[in-house]
Amino acid sequence: MVRAVAPPTTHRPLTDRLAAAVLLLALCLAGVALTPGVAGAAPGTYTNPVSRDFADTFADPAVIRAKDGYWYAYGTTDPLREGEGEGTRHIIPTARSADLVNWTYVGDAFTESTLPGWAAPDAALWAPDIRYLDGVYYLYYVVTQTTVTDERDDNAVGVATAPTPTGPWTDSGDPVVDPRPGASGNPDDFKWTFDPSQFTDADGTRYLYYGSYYGGIFVTELSEDGTEAVGEPTMVAIDNRYEGAYVVRHGRWYYLFASEANCCAGPTTGYTVFAGRSASPRGPFSDRDGISLVTSRVGGTIVVTPNGNNWVGTGHNAVVTDLAGQDWLVYHAIDRRDPFLDEPFGINQRPMLLDRLDWVDGWPTVRAGRWASEGPQRAPVTDWAVSGSLQLAAPASCKPDVEVARGRSPADYRAEADLRLGEGTAAAGLVTSWRSERNYLVSWLDREAGALVTDVVRGGKSLGRRATALPEGFRYDVWHNVAAELRGRLLTVEVTDARLNDPVAVQRRELPPGTGGAGAVGAAARCGQADAANLGAAGLYDPVNRQVPPPRVGGVVYSDQFADGTVGGDGWTWVRPDPAATETGGVLRWPTQAADLVGGGNDASLLLRDAPSGAYTVETKLAIDLGTDEIRNFQQAGLAVYLNDDHFLRFSHVAIWNTRQTEFGKEQPFADGTSYGGMAVGTPAPVTWLRLSHRIDPANGEHEFRAASSRDGRHWTWGGVWTLPAGTSPRIGLISHGGAGAVAEFDYFRIYQP
């Protein structure tokens, strides 16, 4: 149903073919939750992985809400199911969903016979990124082998375009970013030109982020058509730390999401998403503590990391927004109980996960710091979208043509419409808080003003129009999304190409008393024809503003100040004694050994003691001079939790190529060998405090150890969790190994209990 609109605004009723859509919209605006097949049902739930209905593995996911109202997901080249012998690959498999949690496979972007012409026959296409630019879908991807050079592994970034989200895809004809020779100058030495991610800035400039561990992450400007890198690229994340870049604009900041650690270490994959933020899309990006992502002691604020449940390898993300305005992280992970598709140590099985993304104190975190979910979760809000299009035509007098649906949105709402203007049309707008033709809000894409223009109408009069410039060259004739969020009296309106958190215009304004609030939604046109699609409103999401509290540390129950001059007394025991370790002046000085525990060597020493029962936290203060920037692999020192030489945890300040990191690593027996992987925590300093907090999981009896680091002994960064089997008796202690050349100085070793 519709409401008639009196002069000075004209009204044209909706066509019969949209009557059902209008009824659906009216129900949604009235606050009725619509679950398919269950009228009036409570909001649904879902359980990860969300890709289970069509794929066992779906790595590096990218997601977009297309103009047909469906969400589409794109994954890296792999077989989709177990049992295919790891031989039937899908080249950028694609899936579709109406609700972000139930997905259906709809085909592949490419086949073996339709690979880009410059891709070598054995090339794989990895890490897709999906965008909608100037009315066309753009799919960026890695091509692992090209014909651009005669050498191997000359990876590059390509792009294809299509009129629909399922193709047909047409490659641009050559790389967007060409293969980049490595520093050695040797054949087959190419920097990793991986993981492209496109971003459009508010001035309309288009950027591409790309890169990986070997070479670092860079951003480059793109040509106007989005198919060529132009200008000089800028490094935004140091090499040997990050890959999988994804950038969003949130408030006044640009946020770079990036993943660290080995993506594919099976059951010990510690892959973790970190974030940095900047006032510019070119950086510099820094973390919560102000530490840069391009410095040797590298910064980064944790977004999601393994939390002790069955999900490990939580990384390579995209960000989507539901219809209530809540952000969600889409990413892949590995079930540590079933980490490979078919063969142990073969293709890692990385299904697609979805979890709520919260913004706490200006920083993104998954589920307020609970990270990957394993049980039922409340589903995204996706049930108000109206299919079909509204066609509006204002008369020659240029009085606005407005169409609205009967029903009322909540007082705090998010409303959206995809809008496009006909040739010569002056403006098209999203109408919200409509109570009558004399009282409403409207957000115009105003061609005449070259701006996003909001207007507050009360008592038939405008209380003030405000304009925010749209980029020069803005295409009014193609679809753009206009989203209006009203919380109290604060109205926030964004214009994007496709709801991917890269707005080309953002306007915030405080509404006068008595305006805004509950009302109908609709669309409007002025001086010509316009189209509106995917029109609707929903109650605005309730933001989560606090992180979950860290583990309770408690009081000191044991402390060794290393003051008696004897290494190995007072309950300590050695695994392979090291006579180079000494106690002098209240410090345990231990030169890093040219030895290790990882793999088959097992020749490094450990200084251990029995752990108390129940919950406890172990802590040490560590000074170690590993320098910066130079290669000192893999000198390290820190805490250890030990079952045997093939089953242990270690938490160290470590030199990894040119970087210095705190790595929380795990080795365990797996198949006919061992599996090792690690996750980073906080940024180390010349003096770094390290903690491991232990608890017994009441559900399965496993030992859970959570790592934390500090640069001052007061402010702690809490990271991820590794587990050890139930029924075992881990010992705790210290290590100093990975390569000769440094000296670890442990100031104390303490145990706390709640």
Side-chain angles (χ1 to χ4, degrees), residues 1-16 18-19 21-31 384 386 389-417 419 421-422 425-449 452-467 482-486 489 491 493 507 509 511-533 535-537:
M1 299 181 64
V2 298
R3 290 188 175 183
V5 180
T9 303
T10 62
H11 164 260
R12 184 173 54 81
L14 298 177
T15 61
D16 291 341
L18 290 175
V22 173
L23 177 59
L24 173 63
L25 176 60
L27 289 171
C28 292
L29 293 174
W384 60 254
V386 177
S389 299
L390 309 182
Q391 296 181 342
L392 304 106
S397 64
C398 286
K399 294 178 181 178
D401 174 22
V402 178
E403 297 184 5
V404 295
R406 188 176 300 278
R408 294 169 68 86
S409 69
D412 288 353
Y413 59 77
R414 179 181 171 98
E416 293 185 23
L419 301 174
L421 282 62
T425 301
L430 170 65
V431 176
T432 59
S433 294
W434 172 280
R435 291 194 286 275
S436 73
E437 69 276 8
R438 297 172 60 81
N439 294 279
Y440 62 92
L441 311 176
V442 61
S443 302
W444 296 101
L445 296 180
D446 195 316
R447 177 183 264 139
E448 292 181 332
L452 164 67
V453 177
T454 63
D455 195 5
V456 181
V457 177
R458 182 179 180 188
K461 297 181 180 180
S462 171
L463 299 187
R465 298 178 178 86
R466 293 191 183 176
V482 178
E485 292 187 354
L486 182 64
R489 288 167 51 194
L491 176 69
V493 184
Q507 186 183 125
R509 61 182 297 181
L511 299 181
T515 61
V521 298
R526 194 174 71 240
C527 298
Q529 295 184 344
D531 297 314
L535 172 68

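Heavy-atom basis, side chains included; hydrogens, waters and symmetry copies ignored. Keep in mind that this is a model prediction, so the values were computed, not measured.
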Requested in this report: Would you check if the side chain of S409 reaches a backbone N or O of G519 as a donor-acceptor pair within less than 3.5 Å?
Outcome: yes
Report task. Give a yes or no answer on whether the side chain of R458 reaches the backbone of P512 with a donor-acceptor pair at less than 3.5 Å. Result -> no
Query - Minimum-distance pair of heavy atoms, taken over all atoms of L445 and L421 - result: O-CD2, 3.9 Å
Report summary line: Of all heavy-atom pairs linking P400 and W444, the shortest is CB-CH2, 4.1 Å
Requested in this report: Run the numbers on L486 and T432 for side chain to side chain contact (heavy atoms under 4.5 Å, CB included), then give the verdict.
Outcome: CA-CA 9 Å; L486 182 64; T432 59; over 6 Å; no
Query raised in the report: Any side-chain heavy atom of L452 sitting closer than 4.5 Å to one from V493?
Result: yes
Report task. Give a yes or no answer on whether the side chain of R435 reaches the backbone of G516 with a donor-acceptor pair at less than 3.5 Å. Result -> yes
Query - Trace of the side chain to side chain contact (heavy atoms under 4.5 Å, CB included) decision for V402 with Y440 - result: CA-CA 11 Å; V402 178; Y440 62 92; 5.6 Å; no
Report task. State whether the number of non-hydrogen atoms from other residues, nucleotides or ligands found under 6.0 Å of R438 atom CZ is greater than 12. Result -> no
Requested in this report: In sequence, state the C-alpha distance, the side-chain angles, and the governing distance for T425 and R447, and then conclude on side chain to side chain contact (heavy atoms under 4.5 Å, CB included).
Outcome: CA-CA 8 Å; T425 301; R447 177 183 264 139; 4.3 Å; yes
Report task. Heavy atoms only: give me the nearest V521-A537 pair and the separation to one decimal. Result -> CG1-CB, 3.7 Å
Query raised in the report: Is any side-chain heavy atom of L441 less than 4.5 Å from a side-chain heavy atom of L511?
Result: yes
**Report entry** side-chain hydrogen bond (donor to acceptor under 3.5 Å, both in side chains) contacts in which one or both residues fall within residues 513-522, not counting sequence neighbours
**Finding:** none
Report task. Please identify each residue that fulfils side-chain hydrogen bond (donor to acceptor under 3.5 Å, both in side chains) with R465, with sequence neighbours left out. Result -> D455
